[in-house]
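Computed over heavy atoms, backbone and side chain alike; hydrogens, waters and symmetry mates excluded. From a predicted model like this one, the values you see are computed outputs, not experimental measurements.
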Amino acid sequence: MARSRQQFTSEDASPTSSVRSKEWDGPSRWSEYLNSEMTSPAMSTSWKNGTTEGQQQEVGKGQKGLNLHWVVQLNEVAEGILAKMYRLNQVLDYPDPVSHVFSEAFWKAGVIPNHPKICLLLSKKFPEHHNKLQLERIDKIALDALHDNAEVYFQSLEPWVTLLLDLMSFREQALRLILDLSSTVITLLPHQNSLILHAFMDLFCSFVRVNLFSEKLPRKMMLQLYNLLHAMLRNGRDCEFYHRLVQFIDSYDPPLKGLQEDLNFVSPRIGEVLEAVGPIIFLSTDTKKLRNEGFLSPFHPRYPDILTNSAHPMRAQDLANVTFYREWVLFGYLVCPDELLRVTSIDIALVVLKENLVLALFRDEYILLHEDYQLYVLPRILESKKMAKSGRTKQKEADLEYSVAKQVEKMITEVHEQALISCDAIHRERRILLKQEIGRMVLFFTDQPSLLAPNIQMVFSALALVQCEIIWYFQHVGIASSKSKAVRNVPVEIDLNDPTIGYLLDGMDRLCSLVRKYNAAIRGYALSYLSSCAGRIRFLLGTPGMVALDLDANLKGLFQQIVQRLENIPKPHSENVSGITCNLSDLRKDWLSILMTVTSSRSSINIRHLEKATISTGKEGLLSEGNAAYNWSRSVDELESQLSKHGSLKKLYFYHHHLTAVFRNTMFGPEGRPQHCCAWLGVASSFPDCASMIVPEEITKIGRDAVLYVESLIESIMGGLEGLVNILDSEGGFGMLDSQLLPEQAAIHMNHATKFSTPSAKSPKGFVGLPLPGQESYPENNSSIKMLEAAMQRLTNLCSVLNDMEPICVLNHVFVLREYMRECILGNFRRRLLAVLKTDNDLQRPSVMEALIRRHISIVHLAEQHISMDLTQGIREVLLSETFSGPVSSLHLFEKPVDQRTGSAIEAICNWYIENIVKDVSGAGILFAPIHQCFRSTRPVGGYFAESVTDFKELKAFIRIFGGYGVDRIDRMMKEHTAALLTCIDTALRSNREALEAAAGSMHSGDRIEREANLKQILDMDTVVGFCIQAGQALAFDLLLAKAAGAVLDEGAPLIFSLLDGVAKHLPDKVPEKTELRRLRWVANGVGVVGDHDSEWVRSILEDVGSANDGSWTLLPYLFAAFMTSQVWNTTAFNVDTGGFNNNIHCLARCISAVIAGSEFVRLEREHQQQKQSSLNEHGNEGVEPEVQSRQSIEANIKSMMQLFIKCSAGIILDSWRETNGSHLVAKLIFLDQLCELSPYLPRSTLEAHIPYSILRSIYSQYYSSNPLTQLALLSPSPRQSPAVSLAHASPSFKQNLGSSTPQNSGNYKASQNQEQLYDTFTDNNKKNIRRSGPLEYSTSRKVKFVEGSSSGSMGPSPLPRFAVSRSGPLLYK
């Protein structure tokens, strides 16, 4: 605070020297205040500016004229003193010197020494001198500390004691000037001498404000401490102005008593003024009359066809000053209480007191109005009543005086209670009236802008009334007023949810915008009026009455100068009005000079003479014409200052916290309007104008607060915008209109309908929790639809308003709402995208996810129609950033950067698929179902079913959301996971190389015992088997994803898909391939158009990680064959419902086929590369021959390795047969058959050589028969009836047994009960060329001749259509 105090110090070292250097009786004393205020941006250019600029020449011209120059200067000085006192009050943490209550911050502020005992004693004992108080006995330690630091404390107090001197000097000069004006001015009536009246009353109110505000400062403590410190520093001498200040403070303790005594001489003039403005005050409070008589209507109330309202032009103009009139009444009767005894004053005071609880002093500082009236006005009234009662028999008027005093007493005692009850209702009704009137005014002038200029004074009146009501509303928020007969405080109930505030702010903003828009038209109209006014004034000056007055030369010269200035005004033309620049300040100076002369009682020609001389013409008098010219001249070059005076809401800065609260409560309420946002935000632009240049730090603080206010409102607006979007995007919004049932929900409805036969149960509304589609059409839901329509309308209106809103400028900050809106909508879309990914920690169905995202995008598109921005591009950017955020160049070059960044959305989905589908960490029993081409859950863990997120349609929806980048990301994560699994295979080959080589030798030699012994030495076989099964699951999932990607590409870009499909079939077979061809094969494999997807996928993984690069990989068939001895087969059983095994062992077949083929491709390519390199090193260009090799040679090697695996596996399976584990044999045989189906390198004839066809046919016939008695394996119960059975068996005998089947045995192995009949049915159907079941042709071309039921050769269809029945019985191997 030391820094701020230094800014208040005067140029001299102390107040003593400062006082000596200043002229106490002249305006030069106030240079500090005047220089600061004259350059202050907060000072509005009112009519006083003309006086301050031009009246210096009038000072000292003689005693005939008034001097308004000092009046204007002292008003500016009052503003500066109030700003200083306001700052000191803030620094001292708003002390209460009357009750001697001071906070902790008061003592730590650094202004008053932190010695409470001494300071409080000096304050309470004022005006006693400190020498008489024996301070040593009070606090000797504190007194010694004051002695030690006297100079520091003295310097800190000095600027604020200077402020006390300024208060005393201002009181003396202002009071002298008020008394002089009161005794000199002939008339102070508003319709005769309005300009002088306003100057006089402004000074009067400023004088009262300054002295009332001074009571909030610890004046006594400051003065006493300062004098004590001065005595310590100056050998016990008092400062020279001490006694004058003591007398001043004591006479103004409390200030109201001093004011009542000082202003007693001007009290009658104040009473006259207040009586004169009474009719305007009564009119402003009569809302019915204002509405019916059309005082604020631009058209005539009784004749709507007359578009110019000339019914009450003067009264409508006077309404612009009614705010000042109310203030005059409150201050006037407070400091001149005797004027309340006038007969008409009671009604005037009652009207104003009844609608106010506080009296504003400066900014947000106020006094409690009714409490002060009861404390300081009521005793004077009671005294007058007492005097009137005692003089009843002596004076005839005593009865009337007594009666009036009694009425005033009753009014003051009762009006407080009335105000507490009715003030809010009165102002609410007035706000409603102004809301209607200003709304009509905006519509009218928007439609008829040519009528704005003639009615500009009416516009100013409307703005002034609205300004008054808005400021009153925020002044009374949170006010606690104490009743007169009780000590307790009663809070005033001001509704923070009042929507009319928004309407009034919006109306003011739009009216001001219209005035600024049609500024040229208003100036042109004003110039035309002034041009015509010149002739009227010249005519009036030539009337006989004026000639007879015999004006003196000075006054006559001023009149002639006025006429010349009016005649020299440029004539407006439609094409150049906006280009006309003229300064009419000289015209106004001259007219003020005339007024100051003719309104002075010292002048021989006064205002009454002029009126009598010119009023007889039947037209407006000379003074009326001059005053009108003065007012219209301001519409030429001071239009903006008039708007600032009547339409500025800069005072709302001091209530900006309440402003924010009301905005949040009303903007998005039922009566809020989005278009009001502009006005709420635009208020902040005027906040910096509140700063006073005399307190420099205020500019920074107010500017910072204004910026924070705008940011807070923008946050609320964007929150409301986001809320509207989310309302429309909720299930009660657009979700209600496009509600669809998921298959599971439809099944629940069907089950519910079949269980209950009551009509209510079959009601189309369904039951609670699952409403049926179309529910919005029922009559009881009409309100919901209306609310939805209202939300849509509000959203579009808000977007349109924010899009068209001009940038908000606060100091050097510019806020463009359009940009905030874009960020809000896109940020909300991003959050919505992340929110719909999962439900209760589980993945949302991609189809549902897509529907929700599309619904949200449709709402964004709805808003986009009203925004001049491309939000669709922003949505694409959000989706792209949530999918891929790495450098695009890496995609072009097929690079794989180490630190590849991706979006959080795709990252979460990919991790979920790997953890819950491939790894099955939740233990849901995930199985891959080859028949259904998806994964399934065997246990309901986590609240989701695997088929709901891995179905072909769901994967297509996933790809439509995240596109190719999403596919690339999940493919890359699957590859990373699979690469770790393949590394385990490489580790197993290396660690078990010796055991595998020994086992290979024993397999070829036929030594069964040695082979079993060698196979038992293989380490961690079950673990490796589990890893291979996981790799097979990843392969199956990636193939599903590739096919879904191909389907989406075919739908969206069929030409590109057909191009890739055609190119993939004609790629060269040379090995190794060129880089470009390799990339092309990768792309084609990514959309599922390459024949062997799995081997190509594994091949790319092995190339990336560098595996399959040593001789141990030649033992791969033996390692896979050793898996036939794993313990995993003990719990393996075949499931006809899924076409796979209960522990996903069929995925092992996919892994074996892909790893053998992929590793062989990689191994042979590397061998060829090494041969080529060595040949180049040895023979130069001749070493090119090893490179020329086709894929057929590699495929031949793969086939030989697969045949080797089949041979070894079949030998192990058949040799390890035991009676106790026959079911294991069946599972292994089916496993080998499925491997033949999956692998393009393994013809079925290879298996036929080791496993007879009749064995497999017998196995399948028993699995797909309907007899449940003979079972080779027990499977877990299937929750659904097998669709495979219903598709495969269509014979009448099967349909009879189908009705008695249950879901519990649908997936188990069954022996045929009617084998002969079923077989005959099959053979008969076969003769008709209708193949429903039966043996397949086992040959090398079997895959070309494959029949229905197989959707893909690589996916391994169920053997159901091939082996339906068989005559062979159970197997017996001995």
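In this structure, the side-chain hydrogen bond (donor to acceptor under 3.5 Å, both in side chains) partners of Ser716, at least two apart in sequence or on a different chain, are Arg664. Under the rule for a salt bridge (charged side-chain N to carboxylate O under 4.0 Å, His left out), the partners of Arg1081 that lie at least two apart in sequence or sit in another chain are Glu1073. Judged as a salt bridge (charged side-chain N to carboxylate O under 4.0 Å, His left out), and not counting sequence neighbours, the contacts of Asp729 are Arg832, Arg855. A search for side chain to side chain contact (heavy atoms under 4.5 Å, CB included) contacts involving Ala790 returns nothing, not counting sequence neighbours. For Ser868, the side chain to side chain contact (heavy atoms under 4.5 Å, CB included) criterion is met by Asn803, Arg818, not counting sequence neighbours. A search for side chain to side chain contact (heavy atoms under 4.5 Å, CB included) contacts involving Ser1095 returns Asp1092, Ala1157, Tyr1241, not counting sequence neighbours. Asp1050 is linked by a salt bridge (charged side-chain N to carboxylate O under 4.0 Å, His left out) to nothing, counting only residues two or more places apart in sequence or in another chain. Residues that satisfy the ring-ring contact (aromatic ring centres under 6.0 Å, His included) test with His676, not counting sequence neighbours, are Tyr503. Residues satisfying the salt bridge (charged side-chain N to carboxylate O under 4.0 Å, His left out) test with Lys953, not counting sequence neighbours, are none. Partners of Thr950 by side chain to side chain contact (heavy atoms under 4.5 Å, CB included), not counting sequence neighbours, listed by chain and number: Tyr913, Ile917, Cys934, Phe935, Phe1037.
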Checking side-chain contact (heavy atoms from CB on, under 4.5 Å) for the pair Arg830/Ser881: CA distance, chi angles, key distance, verdict? CA-CA 10 Å; Arg830 185 188 303 273; Ser881 64; 3.0 Å; yes
Walk me through whether Ile909 and Met849 qualify under side-chain contact (heavy atoms from CB on, under 4.5 Å). CA-CA 12 Å; Ile909 293 178; Met849 192 190 310; 4.2 Å; yes
May I have the step-by-step check of side-chain contact (heavy atoms from CB on, under 4.5 Å) for Leu681 and Tyr709, ending in yes or no? CA-CA 8 Å; Leu681 289 168; Tyr709 164 80; 5.7 Å; no
Could you walk me through whether Gln865 and Thr796 pass the side chain to side chain donor-acceptor pair (under 3.5 Å) test, one step at a time? CA-CA 8 Å; Gln865 298 175 6; Thr796 54; over 6 Å; no
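Counting all heavy atoms, side chain and backbone alike, Met792 lies closest to Leu862 at CE-CD2, 4.1 Å. The two residues Pro930 and Gly1139 make their nearest non-hydrogen contact at CG-O, 3.7 Å. Of all non-hydrogen atoms in Asn828 and His856, the two that sit nearest each other are ND2-CE1, 3.5 Å. Residues Cys677 and Leu802 approach most closely at CB-CD2, 4.5 Å, considering heavy atoms.
Lys975 and Asp971 are joined by a salt bridge, as a carboxylate oxygen and a charged side-chain nitrogen come within less than 4.0 angstrom of each other. Taking 4.0 Å as the cut-off between side-chain N and carboxylate O, Glu1076 and Arg1079 do not count as a salt-bridged pair. Salt-bridge annotation for Arg845 and Glu947: absent, with no side-chain N of the basic residue lying under 4.0 Å from a carboxylate O of the acidic one. A salt bridge is defined here as a Lys NZ or Arg NE, NH1 or NH2 lying under 4.0 Å from an Asp or Glu carboxylate O, and Asp506 with Arg673 fails to meet this definition.
Summarising the local packing, CD1 of Ile1056 is surrounded by 12 or fewer heavy atoms from other residues, nucleotides or ligands at distances under 6.0 Å. Counted within 6.0 Å of CD on Glu877, heavy atoms from surrounding residues, nucleotides or ligands total more than 12; the atom is thus considered enclosed. By the neighbour-count criterion of 12 heavy atoms within 6.0 Å, atom NE2 of His861 is densely surrounded, having more than that number from other residues, nucleotides or ligands.
Of the possible polar contacts, none joining the His813 side chain to the Arg704 backbone as a donor-acceptor pair under 3.5 Å is found. Remark: the backbone N or O of His866 is not paired with any side-chain donor or acceptor of Ser800 at under 3.5 angstrom. The closest donor-acceptor contact from the side chain of Asp1094 to the backbone of Ala1154 lies at 3.5 Å or more, if one exists at all. Panel note: side chain Thr883, backbone Tyr965; no donor-acceptor pair is recorded below 3.5 Å. When atom types are taken as modelled, the side chain of Asp870 and the backbone of Gln873 share a donor-acceptor pair closer than 3.5 angstrom. Of the possible polar contacts, none joining the Glu882 side chain to the Leu879 backbone as a donor-acceptor pair under 3.5 Å is found. Checked by atom type and distance alone, the side chain of His1146 pairs as donor or acceptor with a backbone atom of Phe928 at under 3.5 Å.
With rounding to the nearest 0.5 Å, the separation of CD1 in Ile825 from SG in Cys799 is 5.0 Å. Atom CD of Gln675 is separated from atom CZ of Arg794 by 9.5 Å, given to the nearest 0.5 angstrom. Atoms CD1 and CE, on Ile714 and Met821 in that order, are 11.5 Å from each other to the nearest 0.5 Å. Taking CZ of Arg936 as the start and CD1 of Ile931 as the end, the distance is 8.5 Å to the nearest 0.5 Å. One distance of note links CG of Leu659 with CD1 of Ile501; it measures 9.0 Å at 0.5 Å rounding. Rounded to the nearest 0.5 Å, atoms CG (Asn911) and OG (Ser904) are 11.0 Å apart.
Under the 4.5 Å side-chain criterion, counting only non-hydrogen atoms from C-beta, His977 is in contact with Gln1030. Side chains of Leu826 and Ile875 form a contact here, defined as non-hydrogen atoms less than 4.5 Å apart. Residues Cys1151 and Ile1029 have side chains not in contact (no heavy-atom distance under 4.5 Å, counting atoms from C-beta outward). Within the 4.5 Å cutoff, the side chain of Leu795 has no heavy atoms near those of the Ile727 side chain. Residues Phe952 and Gln933 fail the side-chain proximity criterion, which asks for heavy atoms closer than 4.5 Å. You'll find the side chain of Val836 stays beyond 4.5 Å of the side chain of Gln844, heavy atoms only. Side-chain atoms of Phe815 and Leu713, non-hydrogen and from C-beta on, never get closer than 4.5 Å to each other. In this structure, Arg822 and Leu871 have side chains that are in contact, with non-hydrogen atoms separated by less than 4.5 Å.
Listed by first and then second residue, the salt bridge (Lys or Arg N to Asp or Glu O under 4.0 Å) pairs involving residues 705-723 are Lys701-Asp705, Glu722-Arg831 (not counting sequence neighbours).
Of the options Gln1033, Lys1043, His1093, a side chain to side chain donor-acceptor pair (under 3.5 Å) to Asp1038 is made by His1093 and by none of the others.
Using cut-offs of 30° and 60° for the angle between ring planes, the Phe663 and Trp680 rings count as perpendicular.
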Determine all donor-acceptor pairs shorter than 3.5 Å in which one atom belongs to a side chain in residues 955-962; sequence neighbours excluded.
| from | atom 1 | to | atom 2 | distance (Å) |
| --- | --- | --- | --- | --- |
| Lys956 | NZ | Glu1051 | OE2 | 2.6 |
| Arg960 | NE | Glu850 | OE1 | 3.4 |
| Arg960 | NE | Glu850 | OE2 | 2.7 |
| Arg960 | NH2 | Glu850 | OE1 | 3.1 |

